[in-house]
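Here is the structure we will look at, set down as structure tokens.
A, B, ... follow the sequence lines: proteins, then strands. Residue 1 opens every chain.
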2 protein chains.
Amino acid sequence: MAVPVKHSVVIVDDHAMFRAGVRAELGDAVTVLAEAADVDQAVAAVIAGNPEVVLLDVHLPGGGGAEVIRRTAGKAPGTKFLALSVSDAAEDVIGTIRSGARGYVTKSITGAELVDAIDRVAAGDAVFSPRLAGFVLDAFAGTVEVAAVDEDLDRLTEREREVMRLIARGYSYKEVAGELFISIKTVETHMGAVLRKLQLSSRHELTRWANERRLL
Amino acid sequence: MAVPVKHSVVIVDDHAMFRAGVRAELGDAVTVLAEAADVDQAVAAVIAGNPEVVLLDVHLPGGGGAEVIRRTAGKAPGTKFLALSVSDAAEDVIGTIRSGARGYVTKSITGAELVDAIDRVAAGDAVFSPRLAGFVLDAFAGTVEVAAVDEDLDRLTEREREVMRLIARGYSYKEVAGELFISIKTVETHMGAVLRKLQLSSRHELTRWANERRLL
DNA sequence: CGCAGAATCAGGGGCGTCCCCGATAGGCAG
DNA sequence: CTGCCTATCGGGGACGCCCCTGATTCTGCG
């Protein structure tokens, strides 16, 4: 697991203690060019240092992490942004990615995982915490990276999607049957197809799956 | 600003990077006996080390910071708890104080301020971030909503609360049984009591109930 | 000591969930 | 016409969830 190059990074977070923690966890695996506590400092540090990767807090005084990306656009060639946030809310994730971040990980990440994420972002990969991948894939349905999961959804027939929506809302099989004027057995058949096609194993997982994609 | 004694502390937070940051910011102003990433580790560390002050994250896997205070009650004489959280929500603040914390500061605090807060809590003072003081005063002036939730919760026994938390997170009865080293039948008994006492009728309603009250 | 509460467990039953094995009927492309 | 997909059903089974009636042990309290 040798790391051939030490990437240059700028750490942006309004909590000094968290910046210190990131710095300590990264150790000498990367070169920390600068730290910044707000948008103005961050913009200045990124333009001045032209780092390979910027570790960017989403909730930041002065306009948020997205503002940093906007104001440094074109002024720091090659710099990539990796969002690092406590928030796993869909708005935050999608908003940050739309602004141009190449990855989004939560602060529950370990130091080793963060180093790996930095390496991958620097190499051009998109990096996301597993739980957040759904948000991004849904928001960018139609782009190349999301083709795999989007195909999962497309494989559902119209009827299967109807059943799926009701089940995800908490309806029992019997209630779905009454709602769609079909028998319970037909509902079971459709649900079996839904779970198989989406690679899920229970209605509970389906509820989470649908919630993550804002399908309700 | 001379600090005559180095207080002993235990740092409890589920983010390793934040723990590292706190440790770095505190420097040698205090003696860090141990770190803990969840409720079980925290309880063990507090009882084993009997620290003067516990820096306690509010949102913690395994029941939250309040659970740590409850489970160490009477087992760590002289130990005081200082909540250290990103959240400034009234429920979090009040709930933590009700559980027995002697102070509550947000993570935007500086290292020097945190050292000062630790000193004051160790000396017996109550320490609050200025914006949070209002919440605490309001709570002791008599708020109804928080009390209502507490009454419902208080009717549950300790074991019932453990079962409830796991079920609300999506564990099956069998998984809960394995987690708590008891039989499925016992889990069913506890769940029956939980649903009856909370006037709910299914595990799905329990999930919503818990989510609405931020008990996860 | 007797009583109450808490925690542990068993058996059995009704119903929901998920799966397997089928079947029939209609639409549509090769 | 002949598959192929889709939608619609059925039987039956395994297992999970929820409720019921029991039971034992331990602890604390008057």
Side-chain angles (χ1 to χ4, degrees), chain A residues 150-211 215-216, chain B residues 39-40 43 62-63 67 70-75 150-211 215-216:
Chain A
D150 212 31
E151 281 172 14
D152 282 347
L153 246 184
D154 284 347
R155 275 202 288 272
L156 296 183
T157 67
E158 193 56 40
R159 204 56 161 166
E160 286 163 358
R161 269 192 288 268
E162 286 185 78
V163 171
M164 182 204 70
R165 273 190 286 269
L166 294 174
I167 292 294
R169 280 183 199 155
Y171 284 55
S172 69
Y173 287 8
K174 182 184 293 184
E175 289 168 334
V176 173
E179 193 75 19
L180 299 180
F181 304 104
I182 56 181
S183 85
I184 293 178
K185 277 306 198 176
T186 306
V187 176
E188 293 184 19
T189 301
H190 289 320
M191 258 303 277
V194 168
L195 293 179
R196 181 171 39 78
K197 289 178 179 178
L198 299 182
Q199 296 178 300
L200 302 172
S201 61
S202 71
R203 59 172 302 139
H204 184 264
E205 289 182 14
L206 174 63
T207 301
R208 262 195 321 197
W209 187 90
N211 272 323
L215 296 180
L216 308 182
Chain B
V39 169
D40 289 336
V43 170
E67 181 71 12
R70 276 192 290 272
R71 283 170 53 183
T72 55
K75 295 178 180 173
D150 270 2
E151 281 174 19
D152 279 347
L153 260 181
D154 283 349
R155 295 171 54 193
L156 297 182
T157 67
E158 193 58 38
R159 205 57 164 166
E160 287 162 359
R161 270 193 290 267
E162 289 185 73
V163 171
M164 181 206 70
R165 272 190 289 272
L166 294 174
I167 292 295
R169 281 183 199 156
Y171 283 55
S172 69
Y173 287 9
K174 182 185 291 185
E175 288 168 334
V176 173
E179 192 76 18
L180 299 180
F181 303 104
I182 55 181
S183 84
I184 292 178
K185 279 304 196 178
T186 305
V187 176
E188 292 184 19
T189 301
H190 288 319
M191 256 304 277
V194 169
L195 293 179
R196 182 171 37 78
K197 289 179 179 178
L198 299 182
Q199 297 178 302
L200 302 173
S201 60
S202 72
R203 59 173 302 139
H204 307 294
E205 290 184 15
L206 174 63
T207 301
R208 256 188 312 178
W209 186 90
N211 272 324
L215 298 179
L216 306 182

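- Residue-level contact check: Leu195(A) touches the backbone only, with heavy atoms under 4.0 Å from sugar-phosphate atoms and none from bases.
- Between Ile184(A) and Ala177(A), the shortest heavy-atom contact is N-CB, 3.8 Å.
- Residue contacts for Ser202(A): at a heavy-atom cut-off of 4.0 Å it reaches the sugar-phosphate backbone alone, with no base atom in range.
- For the side chain to side chain donor-acceptor pair (under 3.5 Å) test, no residue two or more places apart in sequence or in another chain qualifies with Thr189(B).
- Protein chain A touches strand DNA chain D; the 5'-most and 3'-most nucleotides with an atom under 4.0 angstrom of its non-hydrogen atoms are dT6(D) to dG12(D).
- From the 5' end on, the contacts that DNA chain C makes with chain B at under 4.0 Å to a non-hydrogen atom open and close at dA6(C) to dG12(C).
- In terms of position on DNA chain C, the residue among Phe181(B) and Gly170(A) whose nearest nucleotide sits closer to the 5' end is Phe181(B).
- Tested against Ile167(A) for a side-chain contact (heavy atoms from CB on, under 4.5 Å), the candidates Glu175(A), Arg203(A), Glu162(A) yield a single pass: Arg203(A).
- Interatomic distance, CE of Met191(A) versus CG of Leu206(A), reported as 5.5 Å (0.5 Å rounding).
- A side chain to side chain donor-acceptor pair (under 3.5 Å) with Glu160(A) is found for exactly one of Arg165(A), Lys197(A), His190(A), namely Lys197(A).
- Residue Leu156(B) comes nearest to Arg161(B) through the heavy atom pair O-NH1, 3.1 Å, listed as atom of the first residue, atom of the second, then distance.
- Interatomic distance, Met164(B) CE to Leu198(B) CG, rounded to the nearest 0.5 Å: 7.0 Å.
- Among the protein residues, Glu188(B) comes within range of the nucleic acid bases, having at least one heavy atom under 4.0 Å from a base atom.
- Among all heavy-atom pairs drawn from Tyr171(B) and Val176(B), the shortest one is CB-CG2, 3.6 Å.
- Residues His204(B) and Ser183(B) each lie close to DNA chain C; by heavy-atom proximity, the contact nearer the 5' end of the strand is made by Ser183(B).
- Within the 4.0 angstrom heavy-atom criterion, base atoms lie near Thr186(B).
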